[in-house]
Protein chains: 2
Amino acid sequence: MNPTAQSRALPEIVVDSGMSKTLHHGLLILRVLSEHPQGLTVTDVAERIGVHRTVAHRLVRTLEAHQLCRRDQQRRIVLGTGLVTLAEPVEQDLRALARPVLDELAEATRATAHLLVREGTQDMRALMVVEPRGALVHVSFRPGQTHSIQQGSGGLALLAGGPPRSGERPEVTEARAKGYAVTMGEVIPAVIGVSAAVPSHRGEATTSIGVSVFEPAGLDALGGTVVEAAKRLGNLLG
Amino acid sequence: MNPTAQSRALPEIVVDSGMSKTLHHGLLILRVLSEHPQGLTVTDVAERIGVHRTVAHRLVRTLEAHQLCRRDQQRRIVLGTGLVTLAEPVEQDLRALARPVLDELAEATRATAHLLVREGTQDMRALMVVEPRGALVHVSFRPGQTHSIQQGSGGLALLAGGPPRSGERPEVTEARAKGYAVTMGEVIPAVIGVSAAVPSHRGEATTSIGVSVFEPAGLDALGGTVVEAAKRLGNLLG
DNA sequence: CACTGCTCGTGCGATTATCGCACAGAGGTC
DNA sequence: GACCTCTGTGCGATAATCGCACGAGCAGTG
């Protein structure tokens, strides 16, 4: 895509005053490493985050001490298992309650079920993905993925929970009427998403639950099942 | 346990020269937050990591910008969903290959199956935990947990893979003979662990696979099943 | 209402941690 | 051997950080 696919930087986070530059660089290293699971050298890391090599070296050492990265057999830097310890408590209540609901949804629909949460004002992030047991073909869709709230059934389902806005996508209006949102190929090519907002009795909904399928058949029945799962999870959340 | 259970600090990581103090503090904040899922105030955070309140404030802001923490409804600081994105690629190959093996092991034994990896030289960390479908009673055991390599069946299974050492625990010697290790109540009270080292054709084994059960009946058959699963995973890893 | 006690957030100067140069060791390749 | 790349380490100049002091918000209490 890019002229030099190697030089793709990742600004996206503005270094406001009132932010720690050093910590920012350290966290950038984690992001860079997460985008390069095969591992990177210190020089690579330094180039990608735009600091001197010795600076990257010290930051990597600090991350290593916290077990957030390590060296593989070829001494390349990869993410460390300390991250799974840190990530485990994240939204632990929501995930614990959602698991049985997602399990049942995946089993009932024989499709990949997912739980998305709003991140900031513009994005959605996949928090959980449950694949049906023994499905011959399944949608591969990793937790942690983010996409715009304007795309994908999960985002539209949340938008449909808000007040109608002029200029909103017609799919949002339709979702508001039906109670669930349907999109095709917006997050994953050729994959159809069917999602509903998880009702929240305190404030705006920030969570959606849904499924991903290949076949556009029986979407109404699927929508009903998804809406029911969303209601069930909403009740569990109290 | 402690006189003041609140004031328990967490040094454990020595601030070597050649480490970034600022990044170290930022990472300490993540650790502190992971131990307090209910959320903390800025003042709390500052006290626990031993920095001035304004310093903690700036670090928290930086973490927020990276979506590694956020404020809940009461403006308390909790971990953010960016962590699941960072943690997802960790040991992704190992986890992808281990999942079907763990699924089958949990199903065959009707017990909680787990995958542990060595962390440093002294500790083991749980990387995956799979609970059997529809089990009425299951061992609750979260990924990310760490414990000494000297305790628990997973650690002993790895020690049994090494050369015999004088003074090693008799369980290790026994595990070396049998091919699998058994411990009782060392990691989780009243829970029996049965683990085997995942064979690695390059270097020492660093991974164990095992199950957690309540009943001490049929441990030999269980051990055989676990060893078979470990061999299967070892073959998958090439 | 006033007072207390807690929290949060922000300029801004002194200090200190960081930055990055220069050097040296370790492999690997030609 | 010559060459290249990556790695790791002191150490001085510099710039980022630290932490004081200040003001605001909010809840409880007399």
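Order of the sequence lines sets the chain letters (A, B, ...), proteins ahead of strands, with each chain counted from 1.
For the 3.5 Å distance criterion, the side chains of B:His57 and B:His52 fail to qualify, holding no donor opposite an acceptor. A donor atom on one side chain and an acceptor atom on the other are found under 3.5 Å apart for B:Glu168 and B:Thr173.
Between the NE2 atom of A:His57 and the C1' atom of C:dC21 there is a distance of 16 Å, given to the nearest Å. Rounded to an integer number of Å, the gap from B:Leu40 CG to C:dC8 P is 10 Å.
Residue A:Arg75 places no side-chain N or O under 4.0 Å from the OP1 or OP2 atom of C:dA26. Note on A:Thr43: every side-chain N or O is 4.0 Å or more away from OP1 and OP2 of D:dT5. Of the side-chain N and O atoms in A:Arg76, none sit less than 4.0 angstrom from OP1 or OP2 of D:dT7.
Of the candidates A:Arg75, A:Arg71, A:Arg58, A:Arg71 is the only one forming a salt bridge (Lys or Arg N to Asp or Glu O under 4.0 Å) with A:Glu64.
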A correct 5'-to-3' footprint of nucleotides 16-25 of chain D, with B, S and - meaning base, sugar-phosphate only and no protein heavy atom under 4.0 Å, is SSBBB-----
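Looking only at distances, a side-chain donor or acceptor of A:Arg169 sits under 3.5 Å from a matching main-chain atom of A:Gln150.
Comparing the end axes of the helix from C:dG9-D:dC22 to C:dC30-D:dG1, each fitted to five base pairs by superposing C1' atoms of four pairs onto the next four, gives an inter-axis angle of 40° (nearest 10 degrees).
Within the structure, every pair that satisfies the side chain to side chain donor-acceptor pair (under 3.5 Å) test and touches residues 82-96 of chain A, not counting sequence neighbours, is listed here: A:Thr85-B:Arg125, A:Glu88-B:Arg142, A:Glu91-B:Arg70.
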